[in-house]
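These notes are about the structure you will find just below.
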Amino acid sequence: MKKTILAMMLAAAIPLAASGATYDDLINSAKLGDTKDVAQMVQRGASIDTTDIEGNTLLMLAARDGHEDLVDFLIKQRAKVNARNAAGDTALRLAAFRGHLKVVERLIAGGANVNTPGWTPLVYAAFNGHLDIAKLLVKSGADVNAASENGSTALIVASRGGHIDIVKVLLANRADPSMRTETGETALDIALKNQNTDIAELLRRAGGKSGKTVTIEVR
């Protein structure tokens with residue numbers, strides 16, 4: 001009787017162990033961009049929207065590391081292109097932040113939202129100075145004045161990082177230089193703080209002013 005119970009327990013444990021191995025293999029294959037392995041596991045029943053412990057889907061993992069072929073495969077398999085991880089990031093935000101232009105193109109073509117709440121893909125691209133991605137996002141309908149939770153816009157983060165070409169693109173597409181962060185600073189304040197005087201001059205010419213200016217009313 002004891003031998004029978006033990007055999008039953010071992011039999012039940014084998015599928016669980018195999019399932020755990022499949023999950024780990026699936027996540028690792030997505031990180032490595034191994035389209036063939038991911039496809040085989042999906043064909044065997046693995047979910048196309050499997051997530052890691054941080055909520056990153058297979059598509060997010062592939063997009064984050066620039067695995068174009070795997071991104072293509074996952075989109076064709078109808079993976080959720082606008083899913084968000086624990087930090088609120090989408091596959092498009094991660095690809096824009098890392099500078100993977102081809103992946104960004106594929107995600108947008110696959111229906112990825114260019115105007116996500118909070119830190120938008122455009123703000124992420126501007127933060128790291130990815131000019132081509134910023135141009136593509138603007139062309140695809142990204143809101144140039146969308147602000148993050150702390151009030152940072154694409155113009156503000158580009159001014160902070162000294163990315164003058166992105167600043168030019170944003171201003172040419174009606175980015176508002178008067179917008180302020182939660183501390184009251186405008187893009188001009190940020191540019192001057194970081195000694196980006198060439199950007200500060202552009203902002204002034206576009207009507208940018210300091211958010212710290214105190215207006216004294218004369219009666």
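- Counted by atom type alone, N56 and N85 present one or more donor-acceptor pairs between their side chains at under 3.5 Å.
- At a threshold of 4.5 Å between non-hydrogen side-chain atoms, the residues R98 and H130 do not count as touching.
- Contact between T51 and Y23 at its shortest, heavy atoms only, is O-OH, 2.8 Å.
- If you chain together hydrophobic residues whose side chains sit under 4.5 Å apart, L59 and L32 never meet in one group.
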In residues 100-128, what donor-acceptor pairs under 3.5 Å come from side-chain atoms, sequence neighbours left out?
| residue | atom | partner | partner atom | Å |
| --- | --- | --- | --- | --- |
| H100 | NE2 | R64 | O | 3.0 |
| H100 | NE2 | G66 | N | 3.4 |
| R106 | NE | D72 | OD1 | 3.1 |
| R106 | NE | D72 | OD2 | 2.9 |
| R106 | NH1 | K102 | O | 3.3 |
| N113 | OD1 | N115 | N | 2.9 |
| N115 | OD1 | D143 | N | 2.7 |
| N115 | ND2 | G141 | O | 3.1 |
| W119 | NE1 | E149 | OE1 | 3.3 |
| T120 | OG1 | L122 | N | 3.4 |
| T120 | OG1 | V123 | N | 3.1 |
| Y124 | OH | D89 | OD1 | 2.7 |
| N128 | ND2 | F97 | O | 2.8 |

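- Counting only heavy atoms from C-beta outward, the side chains of S159 and N196 never approach each other to under 4.5 Å.
- Within the 4.5 Å cutoff, the side chain of D37 has no heavy atoms near those of the D25 side chain.
- Rounding to the nearest 0.5 Å gives a distance of 4.0 Å between CD1 of I190 and CD of E185.
- Looking at S210 and D189, their side chains do bring a donor and an acceptor atom within 3.5 Å of each other.
- Within the model, atoms NZ of K135 and CG of N173 stand 10.5 Å from one another, a figure rounded to the nearest 0.5 Å.
- Note on I164 and L203: same hydrophobic cluster, where clusters join Ile, Leu, Val, Met, Phe, Trp and Tyr whose side-chain heavy atoms are under 4.5 Å apart, directly or indirectly.
- The two atoms that bring H163 and I199 nearest to each other are N-CD1, 3.8 Å, heavy atoms only.
- Taking 4.5 Å as the limit, every side-chain heavy atom of T57 sits out of range of all side-chain heavy atoms of K80.
- Among all heavy-atom pairs drawn from L202 and L171, the shortest one is O-CD1, 4.2 Å.
- L74 has its side chain out of reach of Q77: every pair of non-hydrogen atoms, C-beta onward, lies at least 4.5 Å apart.
- M60 belongs to a hydrophobic cluster with L94, counting contacts under 4.5 Å between side-chain heavy atoms of Ile, Leu, Val, Met, Phe, Trp and Tyr, direct or through other members.
- Summarising the geometry, atom CG belonging to L58 is positioned 7.5 Å from atom CG belonging to L70; distances are rounded to the nearest 0.5 Å.
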- Task: Could you walk me through whether R205 and E201 pass side chain to side chain contact (heavy atoms under 4.5 Å, CB included), step by step?
- Result: CA-CA 6 Å; R205 277 188 265 158; E201 182 57 31; 3.7 Å; yes

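- A donor-acceptor contact shorter than 3.5 Å links the side chain of H67 to the backbone of K31.
- Between I166 and A158, the closest heavy-atom pair is CG2-CB, 3.9 Å.
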- Start with the C-alpha gap between V38 and L26, add the side-chain angles, then the distance that decides, and say whether side chain to side chain contact (heavy atoms under 4.5 Å, CB included) holds. CA-CA 6 Å; V38 171; L26 185 59; 4.1 Å; yes

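- Closest approach of M179 to A147, counting heavy atoms only: CE-CB, 4.4 Å.
- Residue pairs that meet the ring pair (Phe, Tyr, Trp, His ring centres under 6.0 Å) test with at least one member in residues 171-209, sequence neighbours left out, do not exist here.
- The one candidate from T153, I156, N150, T186 that meets the side-chain contact (heavy atoms from CB on, under 4.5 Å) condition with T181 is I156.
- Heavy atoms only, all atoms of each residue included: S29 and M41 are closest at OG-CE, 3.6 Å.
- To the nearest 0.5 Å, the span separating OG on S178 from NZ on K209 amounts to 9.5 Å.
- With contacts defined as side-chain heavy-atom distances shorter than 4.5 Å, the pair L155/V167 qualifies.
- Side-chain atoms of R204 and L188, non-hydrogen and from C-beta on, do get closer than 4.5 Å to each other.
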